[in-house]
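Worksheet: the structure to be examined is printed underneath.
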Amino acid sequence: MSEFNNDWKLNLRYGKTSTTFTHVTILAEGVVGKLQDGFSCRPGQAFMGMKAWVPSDDEAVDMIRSIGGQIGFDVSGKIEIYHTDPQEPPSESPSAYDIMFTPFD
């Protein structure tokens with residue numbers, strides 16, 4: 001494993017590497033339908049959360065709507081964006097990870 005892979009957070013923090021993307025955590029209120037394989041949540045109202053590397057907050061909104069729609073979640077309520085510390089390194093293009101659902105009544 002390369003030194004970058006071991007120390008990517010430090011390299012990013014201290015400018016040894018850079019990215020044009022910002023790291024965010026996105027939370028969206030909506031409705032779970034039939035989810036794609038690999039995801040689980042009972043059907044009905046839920047929050048979808050995910051972490052992402054994005055070029056802008058507007059792109060983060062588009063990303064959660066698009067990814068949600070592809071996996072069986074319809075964003076129908078408020079979307080919140082938080083600038084957070086990453087858990088995975090940035091890639092060459094916008095990317096998302098740690099997609100989770102929390103149902104509510």
Side-chain angles (χ1 to χ4, degrees):
M1 189 173 277
S2 74
E3 181 179 331
F4 175 80
N5 288 337
N6 288 329
D7 298 325
W8 67 267
K9 280 187 182 182
L10 291 174
N11 290 337
L12 198 60
R13 177 176 290 161
Y14 294 111
K16 290 184 179 180
T17 189
S18 64
T19 180
T20 59
F21 303 119
T22 301
H23 189 269
V24 295
T25 298
I26 314 160
L27 300 174
E29 183 179 351
V31 179
V32 171
K34 183 179 182 329
L35 292 174
Q36 296 292 319
D37 289 342
F39 299 97
S40 64
C41 183
R42 66 168 169 76
Q45 292 191 323
F47 291 103
M48 176 180 167
M50 71 181 190
K51 297 174 185 168
W53 285 99
V54 295
S56 68
D57 287 358
D58 288 340
E59 180 76 16
V61 170
D62 292 343
M63 185 180 279
I64 199 161
R65 287 183 185 281
S66 176
I67 291 173
Q70 292 172 27
I71 62 177
F73 180 80
D74 180 38
V75 176
S76 61
K78 187 175 179 181
I79 298 173
E80 297 179 19
I81 301 168
Y82 301 94
H83 294 262
T84 56
D85 288 333
Q87 302 302 308
E88 291 188 8
S91 61
E92 304 262 333
S93 58
S95 59
Y97 62 98
D98 281 354
I99 298 171
M100 299 176 9
F101 297 93
T102 303
F104 69 91
D105 294 320

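Owing to the predicted nature of the structure, the values given are computational and were not obtained by experimental measurement.
To the nearest 0.5 Å, atom NZ of residue Lys51 and atom OG1 of residue Thr84 are 7.0 Å apart. Taken from CD1 in Ile67 to CG in Asp62, the straight-line distance is 11.0 Å, to the nearest 0.5 Å.
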Intermediate values then yes/no, salt bridge (charged side-chain N to carboxylate O under 4.0 Å, His left out), Asp85 and Arg13: CA-CA 10 Å; Asp85 288 333; Arg13 177 176 290 161; 5.1 Å; no
Does Asp105 form a side-chain contact (heavy atoms from CB on, under 4.5 Å) with Gln45? I'd like the steps, not just the answer. CA-CA 7 Å; Asp105 294 320; Gln45 292 191 323; over 6 Å; no
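Classified by interplanar angle (parallel below 30°, tilted 30° to 60°, perpendicular above 60°), the ring pair Phe39/Phe101 is perpendicular.
Judged as a side chain to side chain donor-acceptor pair (under 3.5 Å), and not counting sequence neighbours, Ser56 has no contacts. Under the rule for a side-chain contact (heavy atoms from CB on, under 4.5 Å), the partners of Pro94 that lie at least two apart in sequence or sit in another chain are Phe21, Pro55, Met63.
When atom types are taken as modelled, the side chain of Trp53 and the backbone of Glu88 share a donor-acceptor pair closer than 3.5 angstrom.
The number of heavy-atom neighbours closer than 6.0 Å to OH of Tyr14, taken from other residues, nucleotides and ligands shown, is 12 or below.
Between Gln87 and His23, the closest heavy-atom pair is N-NE2, 4.3 Å. Residue Ala52 comes nearest to Tyr97 through the heavy atom pair N-CE2, 4.4 Å, listed as atom of the first residue, atom of the second, then distance. Closest approach of Asp57 and Ile81 over heavy atoms only: O-CD1, 3.4 Å. The two residues Cys41 and Leu35 make their nearest non-hydrogen contact at N-CD1, 3.6 Å. Contact detail for Ser93 and Ser91: the closest heavy-atom pair is O-OG, 2.7 Å. When every heavy atom of Pro103 is checked against every heavy atom of Ala46, the shortest pair comes out as CA-CB, 3.8 Å.
Clustering ILVMFWY residues whenever any of their side-chain heavy atoms sit less than 4.5 angstrom apart, transitively, puts Val32 in the very cluster that holds Ile79. Under the 4.5 Å side-chain heavy-atom criterion for grouping Ile, Leu, Val, Met, Phe, Trp and Tyr, Leu27 is not connected to Ile71 through any hydrophobic cluster. Ile26 is not connected to Phe47 by any chain of hydrophobic side-chain contacts under 4.5 Å among Ile, Leu, Val, Met, Phe, Trp and Tyr, and they are in different clusters. In the hydrophobic clustering of ILVMFWY residues, with side-chain heavy atoms under 4.5 Å counting as a link, Val31 and Met48 come out apart.
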